[in-house]
Amino acid sequence: MAAHFGRLGAMATGKAPFDAKVAAENADVVVYMSKLPWAAFVAGSDTGDTKAKPEIWKDPAKFKAASEKMQAEVVKLAAAAKTGNADNLKAAFGPAAETCKGCHDDFRAK
Ligand code: ASC
């Protein structure tokens, strides 16, 4: 996730040249991957070597809402990437990154 989202971030922040094809491909991978983590957070998976905070299981509705917000934002990010316009990617990247950060702040230990 970090690798593919990171490539979009590099383009959105001017650290890498904008390449519409690369942006669209990476955004599609992000959309696909955005659906995957949630099935792993089953009851009982809160123990052992994990960065998952107990809040995931204490407030599953909040966790689910955060996951859905991220999934919605990366769909918008992919749509923006597919316009082939760097400014659209830039505009969509910040809100998507906020949903990563928001969930990590609340639900992932440092
Ligand atoms: C990334 C990455 C995250 C998010 C977050 C956004 O590239 O690995 O977790 O962006 O840092 O604030």
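Bear in mind that the values here come from a model prediction, so they are computed numbers and not experimental data. Counting convention: from 1, in listed order, for ligands and their atoms alike.
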Item checked: Residue shell around ligand 1, heavy atom under 4.0 angstrom -> A2, F5, A97, C100, K101, H104

Notebook entry, point to check: Distance-only, no hydrogens or angles: does the K53 side chain make a donor-acceptor pair with backbone N or O of D105 under 3.5 Å?
Noted result: yes

Notebook entry, point to check: Is the centre of the W57 ring less than 6.0 Å from the centre of the F63 ring?
Noted result: no

Item checked: Heavy-atom closest pair, residues L77 and L89 -> CD1-CD1, 3.7 Å

Check: So which pairs with a foot in residues 69-98 pass ring-ring contact (aromatic ring centres under 6.0 Å, His included), sequence neighbours left out?
Finding: F5-F93

Check: Under 3.5 Å, is there a donor-acceptor pair between the side chain of T13 and the main chain of G9?
Finding: yes

Notebook entry, point to check: Got a second to check how far M1's CE is from Y32's OH, nearest 0.5 Å?
Noted result: 12.5 Å

